[in-house]
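Structure record follows, encoded as structure tokens.
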Amino acid sequence: MNVKKYLSKPYHIVIQHKNDETGSYFFATVRELDGCMSHGSTYNEAFENIQEAMKGWFEAKLENGFSIPEPIEDNQYSGKFVLRLPKSLHARLALAAEQEGISLNQYALYRLSN
């Protein structure tokens with residue numbers, strides 16, 4: 001497969017506004033492409049730069065015979081995962097959920113999303 005075909009795939013680009021000791025800028029990464037990143041002084045510049053970085057990333061991987069991951073499909077996540085916790089933590093969470101008048105699942109979801 002050539003670079004152009006990979007660039008047409010729906011990879012997840014993440015652009016974040018940063019404000020640190022170097023100044024204010026937009027930092028771009030691609031969730032599936034480890035080490036593929038860029039930045040720009042505006043959102044649009046960061047988006048254009050990450051497109052160029054992706055092109056270079058794909059070219060380097062293909063030239064060196066490395067495999068390229070496919071885009072992550074959101075439908076591969078069921079919305080469920082199993083979590084083992086100490087009994088004491090389970091008890092604390094269950095009691096807190098009961099005090100709030102909600103299920104343990106709802107309470108855990110609330111705590112994880114904050």
Side-chain angles (χ1 to χ4, degrees):
M1 189 175 291
N2 65 28
V3 171
K4 196 171 186 179
K5 289 205 183 219
Y6 281 109
L7 286 170
S8 70
K9 292 185 175 199
Y11 286 96
H12 293 84
I13 295 171
V14 178
I15 300 177
Q16 299 172 304
H17 183 254
K18 300 282 188 178
N19 229 343
D20 60 24
E21 64 277 354
T22 64
S24 178
Y25 59 97
F26 290 84
F27 182 70
T29 58
V30 182
R31 187 188 322 170
E32 298 89 344
L33 309 180
D34 188 37
C36 184
M37 61 186 83
S38 192
H39 68 282
S41 56
T42 66
Y43 182 94
N44 288 339
E45 183 179 343
F47 184 76
E48 289 173 16
N49 290 345
I50 196 65
Q51 295 287 323
E52 192 63 30
M54 289 172 71
K55 182 179 180 217
W57 194 97
F58 291 134
E59 288 170 349
K61 294 296 181 180
L62 290 170
E63 286 173 10
N64 292 293
F66 290 102
S67 62
I68 295 177
E70 292 296 317
I72 296 170
E73 295 183 30
D74 291 334
N75 64 2
Q76 77 185 39
Y77 299 104
S78 68
K80 297 179 187 181
F81 71 97
V82 176
L83 178 65
R84 302 263 181 227
L85 2 142
K87 289 179 182 180
S88 59
L89 178 56
H90 187 179
R92 281 197 331 238
L93 292 170
L95 290 171
E98 187 177 318
Q99 288 175 345
E100 293 291 328
I102 58 177
S103 72
L104 177 56
N105 187 69
Q106 289 173 312
Y107 186 74
L109 179 61
Y110 164 74
R111 297 296 299 200
L112 286 169
S113 61
N114 286 326

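The analysis underlying the following values was restricted to heavy atoms, covering all of them including side chains, and did not include hydrogens, waters or symmetry mates.
- Closest approach of Ser103 to Ala97, counting heavy atoms only: O-CB, 3.8 Å.
- When all heavy atoms of Ala53 and Ser38 are compared, the closest pair comes out as CB-CB, 4.3 Å.
- Leu104 CG to Leu109 CG: the interatomic distance, rounded to the nearest 0.5 Å, is 11.0 Å.
- Note that CD of Glu100 and CD of Gln106 are 11.0 Å apart. Values are rounded to the nearest 0.5 Å.
- Grouping the Ile, Leu, Val, Met, Phe, Trp and Tyr side chains by contacts below 4.5 angstrom, directly or via other members, places Phe58 apart from Val14.
- A donor-acceptor pair under 3.5 Å is absent between the side-chain atoms of Trp57 and the main chain of Met37, judged by distance alone.
- Both Phe81 and Leu93 belong to a single network of hydrophobic side chains, linked directly or stepwise wherever heavy atoms of I, L, V, M, F, W or Y lie under 4.5 Å apart.
- One distance of note links CG of Leu85 with CZ of Arg92; it measures 10.0 Å at 0.5 Å rounding.
- Of all the heavy atoms in Asn19 and His17, the pair that sits closest is ND2-CE1, 4.2 Å.
- Using bins of under 30°, 30° to 60° and over 60° for the plane-to-plane angle, the ring pair Phe27/Tyr25 lands in the perpendicular bin.
- In this structure, CD1 on Ile50 lies 13.0 Å from OH on Tyr11, to the nearest 0.5 angstrom.
- Residues Phe66 and Tyr6 fall into different hydrophobic clusters, defined by Ile, Leu, Val, Met, Phe, Trp and Tyr side chains chained together at heavy-atom separations under 4.5 Å.
- Remark: side-chain polar atoms of Asn2 are paired, donor with acceptor, to backbone N or O of Lys4 under 3.5 angstrom.
- Considering all non-hydrogen atoms of both residues, Pro10 and Pro71 come closest at O-CB, 3.4 Å.
- Shown here is Asp34, whose CG atom has no more than 12 heavy atoms of other residues, nucleotides or ligands within 6.0 Å.
- Rounding to the nearest 0.5 Å gives a distance of 13.5 Å between NZ of Lys5 and CD1 of Ile68.
- No path of Ile, Leu, Val, Met, Phe, Trp and Tyr side chains, each step under 4.5 Å between heavy atoms, connects Tyr107 with Val82, placing them in separate hydrophobic clusters.
- For Lys61, the NZ atom is densely surrounded, since the number of other residues' heavy atoms within 6.0 Å is greater than 12.
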* Can Glu70 and Glu32 be said to form a side chain to side chain contact (heavy atoms under 4.5 Å, CB included), step by step? -> CA-CA 7 Å; Glu70 292 296 317; Glu32 298 89 344; over 6 Å; no
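- Looking at every heavy atom in both residues, Asn49 comes nearest to Gly40 through ND2-CA, 4.1 Å.
- Between atom NE2 of residue His90 and atom CG of residue Leu95 there is a gap of 9.5 Å, rounded to the nearest 0.5 Å.
- Looking at heavy atoms from C-beta onward, Ile13 lies in side-chain contact with Met54 at the 4.5 angstrom threshold.
- For Gln51, the CD atom counts as densely surrounded, since its 6.0 Å shell holds more than 12 non-hydrogen atoms of other residues, nucleotides or ligands.
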